[in-house]
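One structure is given below, encoded as structure tokens.
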Amino acid sequence: MPDVLVSAPAARRPRLDRRSQRSRAQLRDALAEEILAAGDLSRVTVTAVTERAGLTRRTFYSHFHDIPDLVAAVEADALADVRGLVGRIAASSLDDLTAALRRLEPAPGAVELLCYFRDNAACLTALLGEGGDPAFVEKIKAVCCDAVRARALDGIDARAMGPFLDYYLAFAVSAEAGVLTRWLTGGMREDVHTMALMMTALTFVRPGDLYGKTIDLNVPAYALALMRSSAVGGDPATRAADAGEARAQAGATNQERGAALPGAAKTKEPNHD
């Protein structure tokens with residue numbers, strides 16, 4: 001393992017002398033090994049970690065107060081790196097993403113993110129696994145949501161703002177975090193590039209796509225109906241009116257899409273003469 005987490009270039013941390021860096025790295029590695037050996041983070045002790053690291057308890061306490069403090073430091077380093085890497089992905093425009101999809105390539109920045117997790121797999125897998133810190137993945141989700149929120153608001157249809165966007169971000173980030181965790185804890189059977197392609201594709205897959213039945217959802221109309229439903233407290237009459245409006249807008253959208261198809265506006269009746 002490297003002396004420090006293999007981090008993103010933009011990450012900034014307090015400067016430590018090489019001896020301190022080495023000691024902290026040994027304690028971090030020993031923590032990961034001890035979590036796997038003990039089967040549960042709650043069973044990990046300072047004595048066990050220092051013995052596995054080949055360091056004294058005095059050295060441990062010169063850097064950390066206790067095991068939770070060590071865990072917090074390791075996670076803070078990782079979260080700082082993840083924030084930077086996800087921020088780079090979020091900086092991509094929709095045109096960038098569309099171009100990548102057409103070339104059957106991963107989203108810009110996806111490979112770099114997965115390389116980071118691969119290079120730090122021993123430590124991150126221990127913390128994200130069953131015996132690790134259950135709160136860690138939630139911290140990763142929160143950092144990711146925060147990293148993409150500002151970019152997500154740029155140019156968004158105003159009708160899709162509010163709770164709909166909040167839940168959409170929570171849904172998308174949770175899904176990606178779940179896939180990432182499964183890849184890590186499953187032994188990373190797929191290589192980084194393949195997994196980056198996988199996660200990029202999953203972001204854009206709709207349920208109907210898997211069965212040859214594309215589902216076209218008028219997101220702005222649906223989001224507007226949700227906001228109205230929430231505002232009126234779920235009044236049946238208002239919900240019915242909103243549903244009718246959403247269906248009308250969806251029908252208009254589908255007609256526009258149909259008209260845009262080559263030859264759609266000029267369909268001849270078959271000649272039965």
Quick check for you: to the nearest 0.5 Å, what is the distance between [X] atom [atom1] and [Y] atom [atom2]?
X    : Y    : atom1 : atom2 : result
R24  : R19  : CZ    : CZ    : 14.5 Å
L128 : L180 : CG    : CG    : 7.5 Å
M195 : R182 : CE    : CZ    : 8.5 Å
H63  : Q26  : NE2   : CD    : 9.5 Å
L113 : E176 : CG    : CD    : 9.5 Å
L79  : D146 : CG    : CG    : 11.5 Å

For L169 and L165, run side chain to side chain contact (heavy atoms under 4.5 Å, CB included): C-alpha distance rounded to whole Å, both residues' side-chain angles, the deciding distance at 0.1 Å, then the answer.
CA-CA 6 Å; L169 289 178; L165 176 62; 4.1 Å; yes

Taking [atom1] in [X] as the centre, count heavy atoms belonging to other residues, nucleotides or ligands within less than 6.0 Å. Is the count above 12?
X    : atom1 : value
Y168 : OH    : no
F204 : CZ    : yes
L210 : CG    : yes

Would D77 and R28 pass as an ion pair if we require N to O under 4.0 Å?
no

Salt bridge or not for K139 and E75, using N-O below 4.0 Å?
yes

Give me the atom names and distance for the closest heavy-atom approach of [X] to [Y].
X    : Y    : value
W183 : E190 : NE1-O, 2.9 Å
A38  : V44  : CB-CG2, 4.5 Å
H65  : F60  : C-CE2, 4.3 Å
T200 : E105 : CG2-O, 4.3 Å
A90  : A147 : CB-O, 4.0 Å
P108 : L97  : CD-CD2, 4.0 Å

Which of these passes side chain to side chain contact (heavy atoms under 4.5 Å, CB included) with C123: D119, L127, T125?
L127

Kindly work out whether a path of hydrophobic side-chain contacts (I/L/V/M/F/W/Y, heavy atoms less than 4.5 Å apart) joins M198 to V173.
no

For F117 and V192, what are the C-alpha separation, side-chain angles and deciding distance, and is it a side chain to side chain contact (heavy atoms under 4.5 Å, CB included)?
CA-CA 9 Å; F117 277 89; V192 163; over 6 Å; no

Any donor-acceptor pair under 3.5 Å linking the side-chain atoms of T59 with those of T56?
yes

Taking atom types as modelled, find out whether D95 and S93 have a side-chain donor-acceptor pair closer than 3.5 angstrom.
no

May I have the step-by-step check of side chain to side chain contact (heavy atoms under 4.5 Å, CB included) for L114 and M199, ending in yes or no?
CA-CA 10 Å; L114 291 178; M199 295 181 71; 3.8 Å; yes

Determine, step by step, whether V71 and D69 satisfy the side chain to side chain contact (heavy atoms under 4.5 Å, CB included) criterion, reporting the C-alpha distance in whole Å, the side-chain angles of both residues, the deciding distance to 0.1 Å, and the verdict.
CA-CA 5 Å; V71 171; D69 190 34; over 6 Å; no

